[in-house]
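I have placed the structure first, in the form of structure tokens, so that the comments after it can refer back to it.
Side chains included, hydrogens not; waters and symmetry mates left out as well; all remaining heavy atoms used. Letters A, B, ... are given to chains in the order of the sequence lines, protein chains preceding strands, and every chain is numbered from 1. What you see is a predicted model, and the numbers here were worked out from it, not measured in a lab.
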Amino acid sequence: MRILYFAWLRERIGLAEEEVAPPPEVTDVRGLVEWCCRRGRGYAAAFADPSRIRVAVNQEAVGLDHPVGKGDEVAFFPPMTGG
Amino acid sequence: MIRVQREDFDVGAELARLGQGNRAIGGVCTFVGLVRDMSDDEKVSAMTLEHYSGMTEKALAEIEEEARARWPLKDSLIIHRYGRLEPGDRIVLVATASAHRAAAFESCQFLVDWLKTRAPFWKREEGEEGARWVESRAEDEKAAAGWASDRKKE
């Protein structure tokens with residue numbers, strides 16, 4: 001599974017992207033966030049306020065209940081500010 | 001048509017190309033977004049736009065498709081820039097062409113409202129107090145929501 005981080009999430013975690021292999025009990029976005037938070041202080045700080053985080057799976061905006069699995073591209077980012 | 005690019009664009013040249021040769025077009029509506037030199041009473045010296053390459057193109061194409069399903073457009077164009085920009089620089093061009101003005105005006109506003117909250121761009125402003133990520137605005141969310149949800153999901 002590939003995870004991408006954008007804007008201040010990228011800065012807080014210190015990575016733009018990484019390949020991860022979460023344990024099998026991680027089946028949805030919420031589970032993935034919880035697993036990430038246990039991986040280090042940078043992650044816990046970045047994900048501290050879920051209301052400020054948006055997620056896309058395979059480049060489609062989704063909610064926390066969306067399933068994730070092997071081979072997926074998951075992206076975490078703040079609310080968009082284009083235009 | 002959608003384009004995501006670092007380079008500037010020439011509004012006149014883009015409009016000349018839009019719907020070229022299509023004599024059924026009666027009106028073209030254009031929106032050009034620019035970098036301001038002030039943000040929340042703070043001076044802005046530059047702005048960097050980060051984006052999610054791949055998803056950006058997909059999201060813009062979906063937004064454009066949605067507009068063309070809602071209004072009888074003869075042509076449409078979205079150009080969005082990324083990278084480091086300075087006050088006065090152009091950020092985005094949205095243009096819609098239709099037989100009559102109402103469809104062109106409405107769809108142009110719809111496209112700008114939706115791309116602000118649905119296209120994965122993030123702005124980082126540089127000012128006198130350092131750099132900061134721009135927060136999304138409740139008014140933008142409200143404006144986008146005002147057009148109701150996806151027609152497909154309705």
TODO: Treating Ile, Leu, Val, Met, Phe, Trp and Tyr as nodes and any side-chain heavy-atom pair under 4.5 angstrom as an edge, say whether Leu111(B) and Val11(B) lie in one connected cluster.
DONE: no

Open item on the list: If I compare all heavy atoms of Glu135(B) with all of Thr81(A), which pair ends up nearest, and what's the gap?
Closed with: C-CG2, 3.8 Å

Task: Side chain Trp8(A), main chain Trp133(B), donor-acceptor under 3.5 Å - done: no

Open item on the list: What's the separation between atom OG in Ser136(B) and atom CZ in Arg54(A), rounded to the nearest 0.5 Å?
Closed with: 6.5 Å

TODO: Determine whether Glu11(A) and Arg124(B) make a side-chain contact, defined as any pair of heavy atoms from C-beta on separated by less than 4.5 Å.
DONE: yes

Task: Segment of Lys116(B) engaging chain A (4.5 angstrom heavy-atom cut-off) - done: both

Open item on the list: Suppose the criterion is salt bridge (charged side-chain N to carboxylate O under 4.0 Å, His left out): which pairs have a residue in residues 13-22 of chain B, not counting sequence neighbours?
Closed with: Arg3(B)-Glu14(B), Glu14(B)-Arg17(B)

- [ ] Following the transitive rule for hydrophobic clusters with a side-chain heavy-atom cut-off under 4.5 Å over Ile, Leu, Val, Met, Phe, Trp and Tyr, establish whether Leu77(B) and Leu15(B) coincide in one cluster.
- [x] yes

Task: Spacing of CG belonging to Asp140(B) relative to CE belonging to Met80(A), to within rounding of 0.5 Å - done: 13.0 Å

Open item on the list: Grouping I, L, V, M, F, W and Y whenever their side-chain heavy atoms are under 4.5 Å apart, do Val35(B) and Val92(B) come out in a common cluster?
Closed with: yes

Open item on the list: Please output the residues of residues 59-77 of chain A in contact with chain B, using a heavy-atom cutoff of under 4.5 Å, in numerical order.
Closed with: Gln59(A), Glu60(A), Ala61(A), Glu73(A), Ala75(A), Phe77(A)

Open item on the list: Membership question, hydrophobic clusters at under 4.5 Å side-chain separation (ILVMFWY): are Phe110(B) and Ile2(B) in the same one?
Closed with: yes

Task: Contact listing (chain B partner; residues 21-39 of chain A; heavy atom under 4.5 Å) - done: none

- [ ] Identify which part of Ala56(A) has an atom lying under 4.5 Å from any heavy atom of chain B, answering side chain, backbone, both or neither.
- [x] side chain

Open item on the list: Minimum heavy-atom separation for Asn58(A) and Lys58(B), please, with both atom names.
Closed with: O-NZ, 3.2 Å

Task: ring-ring contact (aromatic ring centres under 6.0 Å, His included) pairs, two or more places apart, involving residues 15-48 of chain B - done: none

Open item on the list: I'd like to know whether CZ of Phe105(B) has more than 12 heavy-atom contacts from other residues, nucleotides or ligands below 6.0 angstrom.
Closed with: no

Open item on the list: Is there a path of hydrophobic side-chain contacts, each under 4.5 Å between heavy atoms, that joins Tyr5(A) and Leu49(B)?
Closed with: no

Open item on the list: Please check: side-chain N/O of His80(B) versus main-chain N/O of Gly82(A), any donor-acceptor pairing under 3.5 Å?
Closed with: no

TODO: Would you name the heavy atoms of His51(B) and Phe6(A) that are closest together and state the gap between them?
DONE: O-CE2, 3.5 Å

